[in-house]
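What you see is a predicted model; the values in this text were computed from it and never measured. Values below: all heavy atoms of this structure, side chains included; hydrogens, waters and symmetry mates excluded. Positions are given from 1 along the sequence.
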Amino acid sequence: MARFGLPVVLVASAALTPWLGRAQPAPYDLVLRNGRVIDGTGLPWYHSDVALRGDTIVRIAPVIDGPATREIDVAGQVIAPGFIDIHTHARRGINQVPTAPNYIRQGVTTVMEGPDGSSPVPLGPFFEQLEALPKSINIGSFIGQGSVRAAVIGNVDRKATPEEIIRMQALVEQGMKDGAVGLSTGLFYVPGTFTPTAEVIELAKVAGRYGGMHESHQRDDASKVVESVRETIAIGEGGGLPTQISHHKVIGSAYWGKSVETLRLVDEARARGVDVTIDQYPYTASATSVSAALLPAWALEGTRQAQLDRLHDPATRAKIKSESAAMIRDERGGGDPKNVQFASCGFDPSLAGKTLADLTRLRGLDPTIENGAEVTMWLVEQGGCQGIFHAMGDADLERILAHPMTMIASDGEIPVFGQASPHPRSYGTFARVLGVYVRDKRVIRLEEAVRKMTSFPAARLKLTDRGVLRPGMKADIAVFDPARVRDTATYTQPHQYAEGFLVVIVNGQIVFEKNDMTAARPGRVLYGPGK
Ligand SMILES: [Zn+2]
């Protein structure tokens, strides 16, 4: 049947189509024909055509007659809303690579910045600069609590004074008025980790007043993951706003299985009226800076010089080393220096892709946990690295993914193709869910996966005109073959694009087709409800 034949791309030329010669324009700019529509709500797919005019979906019907400037026969492939990635580090790379092919080529049409408590402060100039940037992808941002705290108090371990809380609230308010979608926290990181929960709640109240949400890189995802989930819920409850556990995970084999309890806490909170949700990337390795992952937070307080002074004091160094060894043994180190891989090291780019075990050997030491801690301190002295940490279990990953309150988010960035050795999540997150966890392992249904990538994050972000395929909605669309979609980026070969996508459309314009990015730059800045 032609319906399931190879995709055929039809271009109507003015010479062959008389209606284009007349004064009135074609009713449709683009019609996608013969699709299996998955509308983003979780409902089952159905056969349909989809017609666009300008930046908007104008008709969805089994057969759409009438002229169109352009038609594409998608031959039975899935037509879905473009995917919305609620947690990214896209400001790493958006200026160098404004086409964001790593995201577009896996169907992502919107990315959110400002995660983990880290954002530009104030946001206004950042948004202005993004507005001026010709880009393929839509982008928005959170306002980061850690950055706000650093601007008012600095990088130090103490409580805020009432007067400082008022100044921080004013910065959050300004961020929401500038267009932030909510407040992000990174209570795991310096300086967020120095913040008492009650202080976060005072800031969350301001974001909530402007219709924003809270998302958290939790204080701890290892031994204290359950307490950390309780804290994220408490911030939502006390702040009176929706709250989200970002990139939910359980780090350290000693703690694997705790997602049973964390998900129960989420269910119980929702049952009593606290709006808590989750996002997750489909990998058993995390990525962050080596210093944040493998040194205690107290060792990172203050200036770079203060950190170096601690490392140069023999007694303090010994204490840091023993805590670092424990973090390699029980937490992000995954029990072995070989489970820590370098993504990029500013002081020595040749280390990208190597492991902490490799570097320990290069330094003339056996790759034991103790020596790994010694070399970790050495590399922090050299200027530090970004790392990838293999320390999660598949059972937790699948349990969290299957939970209805979990949406998909990459936690990725926009890499410069071929540069450094980034976590493969930047290239593969969405395709991996569709290929591995829908098609191969059958952990969730295809329509449920698409919901987790589209209407669910859109509703969370109050993007009321995106995330669902329906007439009147903005035309952000991903067309893919559910039998072929797959991620190809790996930990050792990360710079590889996802496969199985036929066409990706942003604001009505095709940004990807025929296996290549187009010249279109229709991406917009998307603002939160406070603007
Ligand atoms: Zn994070």
Practice task
Could you give me the CA-CA distance, side-chain angles and deciding distance for Glu268 and Arg230, then say whether salt bridge (charged side-chain N to carboxylate O under 4.0 Å, His left out) is met?
Solution key: CA-CA 11 Å; Glu268 287 172 1; Arg230 281 207 178 89; over 6 Å; no

Handout entry: Thr41/Arg451 under side-chain hydrogen bond (donor to acceptor under 3.5 Å, both in side chains): CA gap, chis, key distance, verdict
Key = CA-CA 5 Å; Thr41 63; Arg451 182 187 72 85; over 6 Å; no

Handout entry: side-chain contact (heavy atoms from CB on, under 4.5 Å) between Arg466 and Thr109, intermediate numbers included
Key = CA-CA 10 Å; Arg466 294 174 203 268; Thr109 53; over 6 Å; no

Practice task
Under the side-chain hydrogen bond (donor to acceptor under 3.5 Å, both in side chains) rule, what do Ser246 and Ser216 come out as? Steps first, then yes or no, please.
Solution key: CA-CA 5 Å; Ser246 260; Ser216 184; over 6 Å; no

Problem - Pair Asp220-Ser228, side-chain hydrogen bond (donor to acceptor under 3.5 Å, both in side chains): steps then yes or no - result: CA-CA 6 Å; Asp220 186 82; Ser228 295; 5.1 Å; no

Practice task
Please test Arg91 against Ser118 for side-chain hydrogen bond (donor to acceptor under 3.5 Å, both in side chains), starting from the C-alpha separation and ending with a verdict.
Solution key: CA-CA 11 Å; Arg91 76 178 188 268; Ser118 166; 2.9 Å; yes

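The pair Glu113-Arg92 does not meet the salt-bridge criterion, since no charged nitrogen lies less than 4.0 angstrom from a carboxylate oxygen. Salt-bridge annotation for Glu199 and Lys159: absent, with no side-chain N of the basic residue lying under 4.0 Å from a carboxylate O of the acidic one. A salt bridge links Arg524 with Asp55: at least one charged nitrogen is closer than 4.0 Å to a carboxylate oxygen.
Pro529 and Gly212 get closest at one heavy-atom pair: CG-N, 4.2 Å. Residue Tyr103 comes nearest to Ser410 through the heavy atom pair OH-OG, 2.8 Å, listed as atom of the first residue, atom of the second, then distance. Nearest heavy-atom pair across Val433 and Pro282 is CG2-CG, 3.6 Å. Here the shortest heavy-atom pairing between Thr284 and Tyr491 reads N-OH, 4.0 Å. Tyr437 approaches Leu401 most closely through the heavy-atom pair CB-CD2, 3.4 Å. Shown here for Thr355 and Pro337, the closest heavy-atom pair between the two residues is CB-O, 4.1 Å.
A 6.0 Å sphere centred on NZ of Lys321 holds more than 12 heavy atoms belonging to other residues, nucleotides or ligands.
Judged by distance alone, with hydrogens and angles left aside, the side-chain atoms of Asn507 form a donor-acceptor pair with the main-chain N or O of Pro522 at under 3.5 Å. Side-chain atoms of Asn102 come within 3.5 Å of backbone N or O of Ser426 as a donor-acceptor pair. Judged purely by atom type and a 3.5 angstrom limit, Thr288 has no side-chain atom pairing as donor or acceptor with the backbone of Ala293. With hydrogens and angles ignored, the 3.5 Å screen pairs a side-chain donor or acceptor of Glu301 with a backbone N or O of Asp157. For Gln106 (side chain) and Thr429 (main-chain N/O), a donor-acceptor pair under 3.5 Å exists by modelled atom type. Thr406 places a side-chain N or O within 3.5 Å of a backbone atom of Ile400 that can act as its donor or acceptor partner. Side-chain atoms of Gln341 do not come within 3.5 Å of backbone N or O of Ile388 as any donor-acceptor pair. No donor-acceptor pair closer than 3.5 Å links the side chain of Ser119 to the backbone N or O of Ile143. In terms of modelled atom types and a separation under 3.5 Å, the side chain of Asp396 and the main chain of Gly257 share a donor-acceptor contact. The main-chain N or O of Ala90 is found under 3.5 Å from a side-chain atom of Thr88 such that the two form a donor-acceptor pair.
For the pair Arg105 and Phe417, the cation-pi test (distance below 6.0 Å, angle within 45°) is failed. Judged by the 6.0 Å and 45° rule, Arg425 forms no cation-pi pair with Tyr283. For the pair Arg158 and Phe194, the cation does not sit on the ring face, since its NZ or CZ is not both under 6.0 Å from the ring centre and inside 45° of the axis. A cation-pi arrangement is found for Lys531 relative to Tyr527, the charged atom lying closer than 6.0 Å to the ring centre and inside a 45° cone about the ring normal.
Taken from NZ in Lys205 to OH in Tyr210, the straight-line distance is 15.5 Å, to the nearest 0.5 Å. Taking CG of Asp394 as the reference point, atom CH2 of Trp256 lies at 9.0 Å (rounded to 0.5 Å). For the atom pair Ile245 CD1 and Ile233 CD1, the distance stands at 5.5 Å (nearest 0.5 Å). Here the CG atom belonging to Leu294 is positioned 10.5 Å from the SG atom belonging to Cys385, to the nearest 0.5 angstrom. For the atom pair CD1 of Ile84 and CG of Asp476, the computed distance is 7.0 Å after rounding to the nearest 0.5 Å. A distance of 8.5 Å separates CE in Met176 from CG in Leu183, rounded to the nearest 0.5 Å.
No side-chain donor from either of Thr360 and Asn371 sits under 3.5 Å from a side-chain acceptor of the other. Side-chain contact check for Thr195 and Arg149: at least one donor-acceptor pair (N or O, by modelled atom type) lies under 3.5 Å. Judged purely by distance below 3.5 Å, without hydrogens or angles, the side chains of Ser259 and Arg399 pair a donor atom with an acceptor atom. Side chain to side chain, Glu215 and Ser184 fail the donor-acceptor criterion of an N or O pair below 3.5 Å.
Here the side chains of Val506 and Ile104 are in contact, with some heavy-atom distance below 4.5 Å. A heavy-atom distance below 4.5 Å is found between the side chains of Glu448 and Lys452. For the pair Met392 and Val250, the minimum side-chain heavy-atom distance is 4.5 Å or more. Side chains of Ile328 and Leu356 form a contact here, defined as non-hydrogen atoms less than 4.5 Å apart. Residues Glu331 and Phe389 are not in side-chain contact: their nearest non-hydrogen atoms beyond the backbone lie 4.5 Å or more apart. Looking at heavy atoms from C-beta onward, Arg272 lies in side-chain contact with Val274 at the 4.5 angstrom threshold. The closest side-chain heavy-atom distance from Leu526 to Leu463 is below 4.5 Å. In this structure the side chain of Thr197 reaches within 4.5 angstrom of the side chain of Ile235, judged on heavy atoms.
Each of Leu365, Val340, Val380 was checked for a side chain to side chain contact (heavy atoms under 4.5 Å, CB included) with Val375, and the lone residue meeting it is Leu365. When the options His248, His403, Arg460 are evaluated for a side chain to side chain contact (heavy atoms under 4.5 Å, CB included) with Thr277, the one that passes is Arg460. With Gln244 as the partner, the side chain to side chain contact (heavy atoms under 4.5 Å, CB included) test is satisfied by one option alone out of His214, Met407, Met405: Met407.
Using a 30° and 60° split on the angle between ring planes, His495 and Tyr427 fall in the perpendicular class, above 60°. The aromatic rings of His247 and His217 sit perpendicular, their planes meeting at an angle over 60°, well past the 30° parallel limit.
Between His87 and Tyr281, the distance separating the two ring centers is not shorter than 6.0 angstrom.
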